[in-house]
Peer 1: 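Right, I'll just put the structure down here and ask away after.
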Number of protein chains: 2
Amino acid sequence: MATVNSYTGGMPTPDRTSLQQIVGAARDILERDGLAGLTMQSVAEAVGVRAPSLYKRVNGRDELVRLVAEATMVELTARAEQGRTAAEIADALRKFAHEHPAGYHLVFSPETRLSFELVTAASAPILRVATELAGPDDALEAARTLTAWANGFIGMELAGGFNLGGDLELAWNYGLTHLVAAIRAGSGR
Amino acid sequence: MATVNSYTGGMPTPDRTSLQQIVGAARDILERDGLAGLTMQSVAEAVGVRAPSLYKRVNGRDELVRLVAEATMVELTARAEQGRTAAEIADALRKFAHEHPAGYHLVFSPETRLSFELVTAASAPILRVATELAGPDDALEAARTLTAWANGFIGMELAGGFNLGGDLELAWNYGLTHLVAAIRAGSGR
DNA sequence: ACCTGAACACCGTTCAAGT
DNA sequence: ACCTGAACACCGTTCAAGT
């Protein structure tokens, strides 16, 4: 909040940064230099203040990392909501992960504990297409199967775990096709 | 290597620790206190030396973390090799992950770059059952689909991403059953 | 009110000195 | 040869002082 003080002749002192700018800079640094490179000092430098000033807007590095994860999850959820089929949603997740690999990994890391609300919101799109495919009784299990596969594929891909050659696009489409078919077939309709 | 010096009257000075002990202590600390708790000082204290002494056996913390990941991967591979069906292998992976959650996560983290040999060896068991299920032409894609699903499920489970209630065992078996059925059906036999 | 330099604790790493 | 204390750079965090 802008304020008034006697040293500026009563003029409000404009803030030199903002929480939004800090989180944005932290996300950029995370992608460029990894989690180890995301230091209070590197973020402070990026937004043009000294490290102690960040504590006016953020409780500490852990909270900043959590805010980065939350912002990433919100964006990821918005992308998923655009997809209308299981394939479209899965493709959207994968595209987002390629654009923000470090953020994507952070979001699904065990150290990151996102709020129940954020996780629920993120689950909604997949739960919707899973219900269409498997029917309401198996919707939760089907959604978990789709989520597990997509996240697992993307995680292996980002970690370089798929290094036996072959065509990754082919493997992605193979998995997607077989998974959707199996879930649909299992629904008995 | 034990050695001789003039201060001990020519007696060999027994080493006070070993690489094996260091890596073992590091794995315990990783599970107990997380990656942030795995410091050179905590490991040194656990094996009964001072931090600088660790540099006689390990090039630095990054290498120690890599050695931890490698040892974990070797154990994980040995467990997977015991399984004869896709279900047995997947169950073995999941059980191992529950026993070593932090190590499991480390192994599949993008920051961990395991050698080609280790990744290839770890892939072998799944590739074998995938070949049985899908035939040689689709084996690689089928293996990647199984690996992605199992790793993804376990990763979500460890990260607390499956928090909408429901029965996780049911979801695991649902995914396993449908996946195996779909891959078998897709093989045309 | 916001920002900063100084200070402190802690960690990774190096190295000369001890045995 | 192995081990250690001392030292240095770096990071997170606090706080009194500056504007």
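Computation of the quantities below employed the complete heavy-atom set of this structure, encompassing side-chain atoms and omitting hydrogens, waters and symmetry-equivalent molecules. Throughout, protein chains are lettered first and strands after them, A, B, ... in sequence-line order, and every chain is numbered starting at 1.
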Peer 1: So, are B:E75 and B:R27 salt-bridged, with charged N and O less than 4.0 Å apart?
Peer 2: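 Looking at B:R27 together with B:E75, the answer is yes, because their closest N to O distance falls below 4.0 Å.
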Peer 1: Counting just side-chain N and O atoms, does A:S53 come under 4.0 Å of either OP1 or OP2 of C:dC2?
Peer 2: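 For C:dC2, OP1/OP2 do not have a side-chain N/O of A:S53 under 4.0 Å.
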Peer 1: In terms of side-chain heavy atoms of B:Y55, which of D:dG5, C:dT14, C:dC11 is nearest?
Peer 2: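 Of D:dG5, C:dT14, C:dC11, C:dT14 is nearest to the side chain of B:Y55.
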Peer 1: Does B:W172 belong to the same Ile/Leu/Val/Met/Phe/Trp/Tyr cluster as B:F96, with side-chain heavy atoms less than 4.5 Å apart forming each link?
Peer 2: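 As far as the 4.5 Å side-chain criterion goes, B:F96 and B:W172 are connected within one cluster.
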Peer 1: Please determine whether a side-chain nitrogen of the Lys or Arg among B:E70 and B:R66 lies less than 4.0 Å from a carboxylate oxygen of the Asp or Glu.
Peer 2: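 B:R66 and B:E70: salt-bridged.
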Peer 1: Consider the side chain of A:V49, meaning its heavy atoms from C-beta on, and name the nucleotide among C:dG12, D:dC3, C:dC3 that approaches it most closely.
Peer 2: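 Ranking C:dG12, D:dC3, C:dC3 by closest atom to the A:V49 side chain puts C:dC3 first.
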Peer 1: With respect to the side chain of B:M40, which nucleotide from D:dC3, C:dG12, D:dT13 is positioned closest?
Peer 2: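 For B:M40, the side-chain atoms sit closest to C:dG12.
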Peer 1: Please tell me which of the listed nucleotides, C:dC2, C:dC3, C:dC11, lies nearest to the side chain of A:T17?
Peer 2: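 Among C:dC2, C:dC3, C:dC11, the one nearest the side chain of A:T17 is C:dC3.
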Peer 1: Could you check how far NZ of B:K56 sits from P of D:dA1, rounded to whole Å?
Peer 2: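 After rounding, the gap between these two atoms is 8 Å.
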Peer 1: Do the charged groups of A:R94 and A:E169 touch, with an N to O distance under 4.0 Å?
Peer 2: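 Result for this pair is yes, salt bridge flagged.
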Peer 1: Using 4.0 Å as the upper bound for N to carboxylate O, is an ion pair formed by B:E99 and B:R79?
Peer 2: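 Between B:E99 and B:R79 there is a salt bridge, with a charged N closer than 4.0 Å to a carboxylate O.
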Peer 1: Starting the side chain at C-beta, find the nucleotide from D:dC11, C:dC11, D:dG5 nearest to B:T39.
Peer 2: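 Closest of the options to the side chain of B:T39: C:dC11.
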Peer 1: Looking at C:dT4, I'd like to know if its phosphate oxygens (OP1 or OP2) sit under 4.0 Å from a side-chain N or O belonging to A:R16.
Peer 2: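 For A:R16, the contact criterion (side-chain N or O under 4.0 Å from OP1 or OP2 of C:dT4) is met.
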Peer 1: OP1 or OP2 of D:dG12 sitting under 4.0 Å from any side-chain N/O of A:R61?
Peer 2: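 Yes, because at least one side-chain N or O of A:R61 sits under 4.0 Å from OP1 or OP2 of D:dG12.
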Peer 1: For Watson-Crick and G-U wobble pairs within 3.5 Å on both distances, what is DNA chain D written in dot-bracket notation, | included for inter-strand pairing?
Peer 2: ||.|||||...|||||.||
Peer 1: I want to check a possible cation-pi pair here: B:R144 against A:F162, using under 6.0 Å from ring centre and within 45° of the ring axis as the test.
Peer 2: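 The answer is yes; both the distance and angle limits are met.
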Peer 1: Between D:dG12, C:dC2, D:dC2, which nucleotide gets closest to the side-chain atoms of B:R57?
Peer 2: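 Looking only at side-chain atoms, B:R57 lies closest to D:dC2.
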